[in-house]
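Report on the following structure.
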Amino acid sequence: MKALSAINSSNPCLSKTHFLKVPIFHPFFRFKPFSHSYSIHVRGAKTALTPSFTINCKLKTSHDIKSKEKSVSQKIVLSEGSPPPLTEDGDTNGENVPESSQKKESPFGVVRMLRRKTLQILSNLPLAIGEMFAVASLMALGTFIDQGEAPDFYFQKYPEDHPVFGFFTWRWVLALGFDHMFSSPIFLGVLALLGASLMACTYTTQLPLIKVSRRWLFLHSAEAIRKQEFSESLPRASIQDVGTILMGAGYEVFLKGPSLYAFKGLAGRLAPVGVHIAMILIMAGGTLSATGSFRGSVTVPQGLNFVVGDVLAPSGFLSSPTEAFNTEIHVNRFYMDYYESGEVSQFHTDLSLLNMDGKEVMRKTISVNDPLRYGGITIYQTDWSISALQILKDNEGPYNLAMAPLQINGDKKLFGTFLPVGDINSPDVKGISMLARDLQSIVLYDKEGKFAGVRRPNSKLPINIDGSEIVIVDAIGSSGLDLKTDPGVPLVYAGFGALMITTCISYLSHSQIWALQDGTTIIVGGKSNRGKMEFPEEMNLLLDKVPEIVESTLGG
């Protein structure tokens, strides 16, 4: 190492540089004295597999300058073959096992070998593509097969006597968990395998690329610089001026003697890692939603209550209830908005949330696309119905008549109820029928089924039917609510946000520029991973700004 440091100290013409760390006492290093001269002899390889080079040089030290009596000779042989094992006291009998072999045979060496093999397999590109194809196929199958139905549904839809494609029956659906595809072990297993492949690829490929991109890759050969995608020579210029121009263009510039290295757009190298992390976040969030959420739906008439925990049901083995499940919800009011044509445009529910002591902790009127969120629970307005019709009969009442949904063609809703007239114990009892499509108006029919009239709730306008005076006091609606907890939503949103950002960043070019000062001439070269057409134009514009050195003579 003293000899190496003497190169820079004794010869000021040599610039500072970096030396590779090699074992000083390696058997390949042999020293012998030689004359005061500097020469390099390159000897070709004897075989194609193990080329070697012999370099003979004189290394001057400060002691040599004073005494001029000693000289040092160093012979360096560089070979692609593996060096022979180190032995003590010249022992070459092979009795001593190399340290590297001992490490391989140790338990830790086996673990490291298995780890390396596992990472190599998981980071295989064809395997990752196959995993993505498997995930997409299972998702498509999950949209084809109805999810979350009772076993009887699958017995009838996929019977054994008429199998789909000749073999697919209800046994496949229930045995493989395809009735709850997105929380089935097969789907989650493939998803976990894909996540492992993304992490292995990031660790083995992307992170090393970033480390390499951050290194100062100086080129000390004009020939190597001219081999780049772009190269140019500046006959009378200074490398310091080139560095200044590049810094002004946003490059990170590094100088070492006559050599220059500059780069910009390192974020473009980071983008693939960000894309992988974003995809892992999305998959982790989806897995957490499938295995750790609660879902439920309920239809509640106006004026009644329900407890959140009585409605929600777990969707996976990671589902865990919270304190908010003890919250009681009271439906204060349900009402609708209508278009001018009379069609329903929107429906609203005024909700009060009560704690275990009966104290109101929150109140909000929800509607479609405007849910209520409390304690990790989200309540959506999804449906409606008419639960009861409140009437007065001959100024008596009010009576609440339950409304039942009637089956009709199309997606229109129709509800009906019946008010008996006469002897209700008669086997041929008759009465007044009342039908409603919404909460705006009620259509009435007499006991013969003939149209009797239309009345609006709260109009207080009576109608006489079969000797009875009827007043429609109110139509009581029911609110259809969907409740759910979804702990994976923040991860999914964060993943998609990161995916959009890193996808845009990935379009940034990572450009590298090298320059070498050769006398008054500068050789400049560079390359870019993107923008192959724009990079030469950018380089020409930058090099045009480099000032030219002009020699001037002062006359006396």
Side-chain angles (χ1 to χ4, degrees), residues 128 130-198 278-299 306-322 324-325 371 373 375-383 480-496 499:
E131 291 164 354
M132 296 182 68
F133 180 77
V135 170
S137 300
L138 290 174
M139 293 176 66
L141 188 60
T143 60
F144 175 76
I145 299 175
D146 297 271
Q147 301 290 297
E149 300 291 343
D152 291 341
F153 174 84
Y154 302 103
F155 295 158
Q156 297 177 7
K157 190 166 186 178
Y158 306 101
E160 291 186 314
D161 52 348
H162 292 90
V164 180
F165 302 119
F167 70 94
F168 193 81
T169 66
W170 60 269
R171 295 184 182 275
W172 288 84
V173 176
L174 299 181
L176 299 178
F178 288 168
D179 57 329
H180 51 280
M181 173 67 75
F182 303 104
S183 60
S184 64
I186 293 179
F187 183 80
L188 296 179
V190 176
L191 210 60
L193 188 60
L194 177 59
S197 293
L198 288 175
M279 293 180 65
I280 292 173
L281 285 175
I282 294 171
M283 291 188 294
T287 301
L288 187 58
S289 297
T291 59
S293 61
F294 286 84
R295 283 177 172 78
S297 59
V298 64
T299 301
F306 69 94
V307 178
V308 171
D310 295 338
V311 175
L312 292 175
S315 62
F317 60 92
L318 295 179
S319 301
S320 178
T322 63
F325 280 43
R373 293 180 174 87
I377 301 170
T378 306
I379 304 176
Y380 297 92
Q381 179 76 73
T382 57
D383 202 0
L481 305 174
D482 275 5
L483 290 79
K484 75 170 186 177
T485 65
D486 199 340
V489 166
L491 288 177
V492 174
Y493 283 176
F496 275 111
L499 185 62

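The model shown is predicted, which means the values in this text are computed figures rather than measured ones.
Side-chain contact check for Asp383 versus Thr299: every heavy-atom pair is 4.5 Å or farther apart. Phe325 has its side chain within reach of Phe294: a pair of non-hydrogen atoms, C-beta onward, lies under 4.5 Å apart.
Atom CZ of Phe167 is separated from atom CD of Glu160 by 14.0 Å, given to the nearest 0.5 angstrom. Rounding to the nearest 0.5 Å gives a distance of 12.0 Å between CG of Asp179 and CH2 of Trp170. Leu191 contributes atom CG, which lies 10.5 Å from atom CD1 of Ile280 (distance to the nearest 0.5 angstrom). For the atom pair OG1 (Thr485) and CZ (Arg295), the distance works out to 7.5 Å, reported to the nearest 0.5 Å.
In this structure, the side chain of Ser289 does not engage the main chain of Asp486 through any donor-acceptor pair within 3.5 Å.
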Table please: side-chain donor-acceptor pairs of residues 312-320 below 3.5 Å, with sequence neighbours left out.
unit_1: Ser315; atom_1: OG; unit_2: Ser293; atom_2: N; d: 3.4
unit_1: Ser315; atom_1: OG; unit_2: Ser293; atom_2: O; d: 2.8
unit_1: Ser315; atom_1: OG; unit_2: Ser293; atom_2: OG; d: 2.8
unit_1: Ser319; atom_1: OG; unit_2: Ser293; atom_2: N; d: 3.4
unit_1: Ser319; atom_1: OG; unit_2: Ser293; atom_2: O; d: 2.8
unit_1: Ser319; atom_1: OG; unit_2: Ser315; atom_2: N; d: 3.4
unit_1: Ser319; atom_1: OG; unit_2: Gly316; atom_2: N; d: 3.3
unit_1: Ser319; atom_1: OG; unit_2: Gly316; atom_2: O; d: 3.2

For residues 132-148, tabulate all N or O donor-acceptor pairs below 3.5 Å that involve a side-chain atom, not counting sequence neighbours.
unit_1: Ser137; atom_1: OG; unit_2: Phe133; atom_2: O; d: 2.8
unit_1: Thr143; atom_1: OG1; unit_2: Ala140; atom_2: O; d: 2.6
unit_1: Asp146; atom_1: OD2; unit_2: Lys157; atom_2: NZ; d: 2.6
unit_1: Gln147; atom_1: OE1; unit_2: Met181; atom_2: N; d: 2.6
unit_1: Gln147; atom_1: NE2; unit_2: Gly142; atom_2: O; d: 3.4
unit_1: Gln147; atom_1: NE2; unit_2: Ile145; atom_2: O; d: 3.0
unit_1: Gln147; atom_1: NE2; unit_2: Phe178; atom_2: O; d: 2.9

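Of the residues Leu491, Leu499, Val492, the one that meets the side chain to side chain contact (heavy atoms under 4.5 Å, CB included) test with Leu281 is Leu491.
Heavy atoms only, all atoms of each residue included: Ala278 and Gly495 are closest at CB-O, 3.3 Å. Residues Phe182 and Ala290 approach most closely at O-CB, 3.0 Å, considering heavy atoms.
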